[in-house]
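One structure is given here, and the rest of the page talks about it.
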Amino acid sequence: MMMMMSLSWRGICVCFLFLFVFFVSSSTALYFHIGETEKKCFIEDVPDETMVVGKYKVEMFDRQRNEYVPTLPGLGMHVDIRDPEEKTVLSRTYATEGRFTFTSHAAGEHIICIYSNSSAWFGGSQLRVHLSIHVGEHANDYQEIAAKDKLNELQLRIRQLLDQVEQITKEQNYQRLREERFRETSESTNQRVLWWAIAQTGVLLVTGVWQMRHLKRFFEAKKLV
């Protein structure tokens, strides 16, 4: 009985650990600096049919005040997103503060690039960009969903749990796909190594036979044999 309870608690702990890791990895927040013509790109691993929401805010460095301040009117940020097949998912210019949204149609690494429309500002000032990326159910605004669908607290919580389970299922399927690709790559590499070893062995055998015949002819020519 104690053993069964121990196994049960162990399984529960593993599930909570997986959920914790999944939730932490589904949201990313950071800030970075860019110059006038500089482009910053990030790689986000996203399962297929998953919504991704990015929120950003841009500040400009004021040399007189020696600090970052809100940007001047007219400055915009261009967002360029490509999927694992190098197809453009999103390419659009936004304001200095806002959000962009896209839904992945292929599982894999999506490249998110951000840069300023340099023709709209002058002086080569440095920019600070605050960026947060939310993947899957973390991208949903549940307060807005509750108001739109008129859900009570219990219904909203059930909706969140269903979305979490769906996102975990997508993540598991994506991890299974990555494992399959890795296995295929490993098998292909092992096969190439095997054929390379066979080719090396063949070259050594041919070289050995040639050397033996050459030495035999040499000794016969010298009448040593």
Side-chain angles (χ1 to χ4, degrees), residues 19-148 160 163-164 167-168 170-171 174-175 178:
L19 289 173
F20 173 76
V21 173
F22 173 74
F23 293 152
V24 170
S25 62
S26 297
S27 298
T28 304
L30 52 88
Y31 76 87
F32 56 92
H33 301 94
I34 59 174
E36 180 176 0
T37 59
E38 189 177 358
K39 177 189 291 189
K40 286 286 187 179
C41 294
F42 305 89
I43 297 178
E44 190 71 29
D45 230 352
V46 184
D48 61 340
E49 300 303 327
T50 300
M51 185 173 67
V52 179
V53 174
K55 299 179 181 179
Y56 68 92
K57 179 182 179 181
V58 183
E59 297 174 326
M60 178 180 293
F61 185 74
D62 189 338
R63 292 186 176 90
Q64 295 179 352
R65 300 171 60 180
N66 197 28
E67 63 179 2
Y68 286 92
V69 297
T71 57
L72 299 175
L75 174 65
M77 298 300 293
H78 190 83
V79 180
D80 187 16
I81 302 174
R82 298 190 303 274
D83 64 7
E85 300 176 355
E86 293 296 328
K87 295 180 180 179
T88 300
V89 178
L90 177 67
S91 182
R92 182 178 174 184
T93 300
Y94 294 86
T96 56
E97 182 176 359
R99 53 181 284 174
F100 56 88
T101 305
F102 71 93
T103 300
S104 62
H105 298 293
E109 296 180 344
H110 288 66
I111 302 177
I112 303 174
C113 296
I114 298 178
Y115 55 94
S116 66
N117 57 340
S118 57
S119 60
W121 59 290
F122 306 93
S125 299
Q126 189 179 43
L127 299 178
R128 173 188 287 175
V129 182
H130 298 265
L131 176 65
S132 62
I133 299 176
H134 306 279
V135 180
E137 55 93 15
H138 292 273
N140 295 328
D141 187 350
Y142 285 102
Q143 298 300 325
E144 181 180 349
I145 293 176
K148 181 179 179 181
Q160 289 177 323
D163 290 343
Q164 291 173 3
Q167 187 61 30
I168 291 174
K170 291 180 180 179
E171 187 69 25
Y174 177 51
Q175 295 300 330
R178 292 183 63 183

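Counting from 1, the numbers follow the sequence of the chain as shown.
Atom OG1 in Thr96 sits 10.0 Å away from atom CD in Glu59 (nearest 0.5 Å). Atom-to-atom distance recorded for Glu49:CD and Thr103:OG1 is 7.5 Å, nearest 0.5 angstrom. Rounded to the nearest 0.5 Å, atoms CD1 (Ile111) and OG1 (Thr88) are 10.5 Å apart.
Checked against side chain to side chain donor-acceptor pair (under 3.5 Å), Gln64 has no partners two or more places apart in sequence or in another chain. Listed by chain and number, the residues in a side chain to side chain contact (heavy atoms under 4.5 Å, CB included) with Glu97 are Lys57 (sequence neighbours excluded). Listed by chain and residue number, Ala107 satisfy the side chain to side chain contact (heavy atoms under 4.5 Å, CB included) test with Asp48 (two or more places apart in sequence, or in another chain). Looking at residues two or more places apart in sequence or on another chain, you find a ring-ring contact (aromatic ring centres under 6.0 Å, His included) between Phe102 and His110. By the side chain to side chain contact (heavy atoms under 4.5 Å, CB included) test, Tyr31 is found to be paired with His33, Arg128, His130, residues two or more places apart in sequence or in another chain being considered. Every ring-ring contact (aromatic ring centres under 6.0 Å, His included) that His78 has, sequence neighbours left out, goes to Tyr115.
Contact detail for Leu131 and Phe42: the closest heavy-atom pair is CD2-CE1, 3.9 Å. Minimum interatomic distance between Val69 and Arg65 (heavy atoms only, all atoms of both residues): CG1-NH1, 3.6 Å. Taking every heavy atom of both residues into account, Glu38 and Ile34 meet most closely at OE1-CA, 3.5 Å. Glu109 approaches Tyr174 most closely through the heavy-atom pair N-OH, 4.3 Å. When all heavy atoms of Ser116 and Gly35 are compared, the closest pair comes out as OG-O, 4.4 Å.
Between the Thr50 side chain and the Ser104 main chain, no donor and acceptor come within less than 3.5 Å of each other.
Around NZ of Lys170, the count of heavy atoms belonging to other residues, nucleotides or ligands within 6.0 Å exceeds 12.
Counting heavy atoms from C-beta outward, Glu44 and Ile133 have side chains that approach closer than 4.5 Å. Contact check for Tyr68 versus Gln126: side-chain heavy atoms found under the 4.5 Å cut-off. Using a 4.5 Å heavy-atom cutoff, the side chains of Arg92 and Phe100 are not in contact. Counting heavy atoms from C-beta outward, Val53 and Arg99 have side chains that approach closer than 4.5 Å. Arg178 places a side-chain heavy atom less than 4.5 Å from the side chain of Asp45.
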